[in-house]
Amino acid sequence: MSFRPEVIFWSLMYLRPSMIYWRVHRTVKGAGIRFMEKARLAERMFDRPVGDVSVSPVPRLSSRYHCEEIDLAERRFSFLQDVLVLPEDADEMRAAVARKPLLWQFHFGYHDYLLALMEDTDTDPLCAGKVLDFMEEWMRVYPLYTTGARRSAWHPYVLSIRIEAWIRLHARVQDFGVDASDPRIAEIARSIELMTRVLLRNLEKGTMANHLLRNIKALVLAGLFLDTSTGAQARRIGLTLLEREIREQVLDDGCHFERSPMYHVSMTSDVLDIAEAITLSESTVPEALSGAAARMTAFLEHMRHPDGEIPYFNDATRSFFLRTAEVLERGHRLCEEMDWPGHSDAPEDTGAQPKRVSGLLTAQMPRSWVVFDAGNVGPDYQPGHTHCDTLSFEWSLDGDRFVTDTGVYHYRESPERFYSRSTAAHNTIEIEGEDQSEVWKSFRVGRRAKILEYGREEIDGVQILRGAHDGYERLERGLVHERAILLAPAWLAVIDWLHGTGIHRYRSFLHLHPSVEIQVAAEHIRLRRGAHDIILHSLGPESVISERTEYYPAFGEKTLRPSVLQQNEARFPLITGNLFVLDGHDIPLHIDPLNKSVTFRLPRGETHTIGSMM
């Protein structure tokens with residue numbers, strides 16, 4: 001979308017007043033800190049020594065982090081496929097890290113990779129020493145008063161993950177034989193006390209969503225770990241906020257409310273960590289927390305392709321620090337051990353409004369699995385991870401991905417970021433060259449598509465997923481995109497109703513897995529992946545173009561994939577669509593452009609007709 005000043009108004013309109021207050025507060029506070037840094041007052045203000053700290057070590061949690069190639073001895077760090085060898089000098093080290101993208105700097109400050117290194121080196125007695133030396137160096141290089149340290153190293157989100165990592169490392173290094181009397185162990189405790197004090201003063205009330213939930217997790221863990229007044233305060237505030245945010249952020253069907261499958265995996269892991277830590281401390285797990293853990297586990301179980309991995313809706317791609325299968329296995333195990341009911345149940349259609357369910361619908365046949373995004377873009381007040389993927393879908397056939405979403409390359413403002421968020425990057429329809437939601441910069445959204453109708457049904461062996469959104473009504477009243485996905489044993493159909501009046505340009509996108517080969521013929525398109533041979537029929541009047549587009553299967557990874565672009569200029573309302581036939585050339589359905597309906601053959605031979613929901 002080309003930038004227009006009015007999107008700023010619409011972006012601000014959806015914010016909660018409290019978010020505006022806390023963002024202004026943080027801006028003013030940051031300006032004051034930068035002034036103190038320049039006036040050389042920051043060190044005197046922030047460098048207050050912490051005395052001895054009494055702690056109750058948190059037993060080893062069963063979650064596991066992963067990392068890219070990191071060698072502490074060689075000072076070699078890789079995040080997001082981007083490598084840096086750290087200089088020895090402190091000033092040079094800070095400067096080298098500061099030149100990296102902000103997300104890289106965040107990952108460097110998390111220190112969850114230290115846990116990953118220790119998990120992968122259970123037999124290396126030197127590992128604990130290397131980790132302790134690095135932690136000691138890090139605190140020396142990045143004290144709180146260092147100019148610019150609060151931008152990444154002491155950012156509340158980074159701080160939250162580091163607090164968790166250091167609490168777990170406190171016990172983990174002792175598992176490797178480090179004596180509890182080692183002065184570095186006491187220094188870890190003092191550092192956790194300091195970091196918790198800083199976090200308590202800087203909770204992300206202006207950002208909220210997954211950032212605030214991460215803050216809460218750190219507070220709860222710190223409250224279990226620190227036998228100090230700071231620990232008591234962290235536990236009290238953490239548990240109070242936890243119940244509120246769990247009810248807000250976990251939807252009725254178990255999905256995390258930002259509706260990104262990748263963040264759902266991460267938030268599920270966090271919720272399980274909190275519940276497990278509370279249980280191991282012999283305290284009672286709040287009912288809201290155990291219920292959320294069960295629902296989130298059940299949702300993750302059913303929101304996976306046959307290859308075991310998540311779809312790439314919104315900001316989602318293959319994660320490198322968590323493994324979907326490990327999170328899911330742990331969720332099932334903890335739910336069973338702690339008797340949290342409902343973790344094995346499929347998410348149900350509760351009849352709730354789109355605000356309280358994800359709208360991520362799935363359908364399955366012996367050979368096919370489809371996921372359809374018929375949900376709103378995310379929480380109105382925090383749509384930062386939103387993409388223009390409303391009514392997009394992904395399809396797997398015989399365990400292999402066929403139709404794919406685009407994924408995420410990185411979060412920086414760039415052509416890759418703009419493309420990955422655009423309507424053109426998703427398997428849906430663009431009208432008049434405009435995005436369905438006004439995405440701008442890296443995380444901003446102005447006016448956004450709202451779901452008008454959604455639902456699912458099954459008719460004699462044909463599963464139907466449906467949805468409609470109003471994202472284009474900002475262009476013209478009544479301009480609505482409605483879609484139905486029909487899945488049968490031998491075919492898949494995507495039917496689109498374009499409501500409105502007048503003549504409009506539109507484009508429909510189909511993005512295929514990089515392993516799929518395309519052969520365009522006069523009457524159809526042949527798609528091949530390995531032994532699969534699929535016929536794609538265009539059911540409308542559009543011209544068809546085969547092209548190559550970018551695909552981001554993981555952060556920092558980019559490859560080309562085949563895509564099918566269908567475009568036309570026609571009078572609305574109209575009906576169009578695509579049909580994937582698994583075997584043979586028989587066409588099992590027919591579109592009636594006059595009545596705007598589609599008639600299809602059921603597996604037993606009868607026919608059935610459906611029309612628009614609108």
Q.
I'd like to know if the side chain of E258 and the backbone of N210 have a donor-acceptor N/O pair within less than 3.5 Å.
A. yes
Q.
Apply side chain to side chain donor-acceptor pair (under 3.5 Å) to residues N578 and Q566 and explain how you reach the verdict.
A. CA-CA 10 Å; N578 287 289; Q566 297 160 298; 2.6 Å; yes
(Q) Tell me the closest heavy-atom pair linking Q105 and V97, and the distance in Å. (A) CG-O, 3.3 Å
Q | Residues E68, Q81; criterion side-chain contact (heavy atoms from CB on, under 4.5 Å); working and verdict | A | CA-CA 8 Å; E68 295 176 37; Q81 314 296 323; 4.1 Å; yes
Q) What do the steps show when you test T404 against H511 for side chain to side chain donor-acceptor pair (under 3.5 Å), and what is the final call? A) CA-CA 6 Å; T404 66; H511 300 296; over 6 Å; no
Q.
Under a plain distance cut-off of 3.5 Å, with no hydrogens placed, do T549 and R561 share a side-chain donor-acceptor pair?
A. yes
Q | Any donor-acceptor pair under 3.5 Å from S269 side chain to V327 backbone | A | no
**Q.** H305 and S396 side chains, donor-acceptor separation under 3.5 Å
**A.** yes
Q. So Y409 and Y552, would you call those rings parallel, tilted or perpendicular, with 30° and 60° as cut-offs?
A. tilted
Q: Would you kindly say whether H426 and D405 are connected by a side-chain donor-acceptor distance under 3.5 Å?
A: yes
Q) Just wondering, more than 12 heavy atoms not from R444 lying within 6.0 Å of its CZ? A) no
Q: Check whether the ring centres of H155 and F106 lie less than 6.0 Å apart, and answer yes or no.
A: yes
Q: Indicate whether any N or O donor in one side chain lies under 3.5 Å from an N or O acceptor in the other, for S612 and E482.
A: yes
Q: Indicate yes or no: does R447 engage E438 in a salt bridge with an N to O separation below 4.0 Å.
A: yes
Q: Could you tell me whether R318 and E557 make a salt bridge, using a distance below 4.0 angstrom between a side-chain N and a carboxylate O?
A: yes
**Q.** Sequence-distant partners of D380, side-chain hydrogen bond (donor to acceptor under 3.5 Å, both in side chains), two or more places apart
**A.** R448, K450
Q. What are the two closest non-hydrogen atoms of A316 and P261, and how far apart are they?
A. CB-CD, 4.0 Å
Q) Are a donor atom and an acceptor atom from the side chains of Q436 and T390 found within less than 3.5 Å of each other? A) yes
Q | Salt bridge flag under 4.0 Å for residues D253 and R295 | A | no
Q: Measure from NZ or CZ of R16 to the centre of the six-membered ring of Y381, then state whether that distance is under 6.0 Å and the direction lies within 45° of the axis.
A: yes
Q. Near E458 CD, under 6.0 Å, is it more than 12 heavy atoms from other residues, nucleotides or ligands?
A. yes
Q) Going through the distances and angles, do E432 and R505 end up as a salt bridge (charged side-chain N to carboxylate O under 4.0 Å, His left out)? A) CA-CA 5 Å; E432 298 292 6; R505 292 179 294 111; 3.4 Å; yes
(Q) Less than 6.0 angstrom separating the ring centers of H504 and F572, yes or no? (A) yes
Q. Tell me, do S508 and E542 make a side-chain contact under 4.5 Å, heavy atoms counted?
A. no
Q: Taking the six-membered ring of F443 (Phe, Tyr or Trp), confirm whether the NZ or CZ of R417 is under 6.0 Å from its centre and within 45° of its axis.
A: yes
Q.
Using side-chain heavy atoms (C-beta onward) and a distance below 4.5 Å, is E473 in contact with V480?
A. yes
Q: Compute whether any side-chain donor of one residue and acceptor of the other, for N568 and Y506, lie under 3.5 angstrom apart.
A: yes
Q | Residue pair T423 / D435, side-chain donor-acceptor N/O under 3.5 Å | A | yes
(Q) Looking at every non-hydrogen atom in both residues, tell me the closest pair between S546 and V520 and how far apart they are. (A) CB-CG2, 3.9 Å
Q: Evaluate the ring-ring contact (aromatic ring centres under 6.0 Å, His included) criterion for residues H385 and Y411: first the C-alpha distance (whole Å), next the side-chain angles of each, then the deciding distance (0.1 Å), finally the verdict.
A: CA-CA 10 Å; H385 294 294; Y411 285 162; 5.7 Å; yes
Q | Exercise: identify the closest heavy-atom pair between P101 and D82 | A | CD-OD2, 4.0 Å
Q.
Are F600 and H608, when compared by the centres of their aromatic rings, separated by less than 6.0 Å?
A. yes
Q. Just by distance, with hydrogens left out, do N427 and E394 show a side-chain donor and acceptor under 3.5 Å apart?
A. no
Q: Can you sort out the partners of T207 under side-chain contact (heavy atoms from CB on, under 4.5 Å), two or more places apart, ordered by chain and number?
A: E204, H211, Q382
(Q) Would F393 and L492 count as a side-chain contact (heavy atoms from CB on, under 4.5 Å) here? Give the steps. (A) CA-CA 12 Å; F393 73 102; L492 167 70; 4.2 Å; yes
Q | Residues in side-chain hydrogen bond (donor to acceptor under 3.5 Å, both in side chains) contact with E416, at least two apart in sequence or another chain | A | S414, K558
Q. Does a donor on one side chain sit under 3.5 Å from an acceptor on the other, for T599 and H590?
A. no
Q) Crowded around R151 CZ? As in, over 12 foreign heavy atoms under 6.0 Å? A) no
Q. Taking C-beta and beyond as the side chain, do I591 and T576 meet within less than 4.5 Å on heavy atoms?
A. no
Q) Taking atom types as modelled, is there a side-chain donor on W440 or S11 under 3.5 Å from an acceptor on the other? A) yes
Q: Over 60° means perpendicular and under 30° means parallel, so classify the ring planes of W395 and F402, tilted if in between.
A: tilted
Q | Side-chain touch T324/R304, heavy atoms, less than 4.5 angstrom | A | yes
Q.
Please confirm whether the ring centroid of Y113 lies under 6.0 Å from the ring centroid of F79.
A. yes
Q.
When you measure from the side chain of W497 to the backbone of K596, do you find a donor-acceptor pair of N or O atoms at a distance under 3.5 Å?
A. yes
Q: Mind running salt bridge (charged side-chain N to carboxylate O under 4.0 Å, His left out) on R474 and E434 for me, showing each step along the way?
A: CA-CA 10 Å; R474 71 178 190 270; E434 294 284 341; 3.7 Å; yes
Q: State whether R529 and E517 are salt-bridged, where the test is any N-O pair (Lys NZ or Arg NE/NH1/NH2 against Asp/Glu carboxylate O) under 4.0 Å.
A: no
Q. If you count the non-hydrogen atoms of other residues, nucleotides and ligands that lie under 6.0 Å from CD in E69, is the total more than 12?
A. no
Q: Decide yes or no on side-chain contact (heavy atoms from CB on, under 4.5 Å) for I545 and Q567, but give the supporting numbers first.
A: CA-CA 8 Å; I545 301 172; Q567 56 189 359; 3.3 Å; yes
Q. Would a line drawn from the ring center of H264 to the ring center of F299 be shorter than 6.0 Å?
A. yes
Q: Check the pair Y472 / H481 against ring-ring contact (aromatic ring centres under 6.0 Å, His included), numbers first and verdict last.
A: CA-CA 8 Å; Y472 294 112; H481 176 206; 7.6 Å; no
Q: Answer yes or no: is there a side-chain heavy-atom contact under 4.5 Å between I535 and F580?
A: no
Q. Hey, are R601 and D586 close enough for a salt bridge, meaning a charged N less than 4.0 Å from a carboxylate O?
A. yes
(Q) Strictly below 4.0 Å, N to O, side chains only: are E430 and R507 in salt-bridge contact? (A) yes
Q: Kindly state whether the ring of F77 and the ring of F108 have centres lying under 6.0 angstrom apart.
A: yes
Q: Kindly indicate, with the supporting measurements, whether the criterion side-chain contact (heavy atoms from CB on, under 4.5 Å) is fulfilled by F320 and L80.
A: CA-CA 8 Å; F320 65 87; L80 313 173; 3.6 Å; yes
Q: Assess R401 against Y312: is NZ or CZ under 6.0 Å from the centre of the six-membered ring, and within 45 degrees of the ring's axis?
A: yes
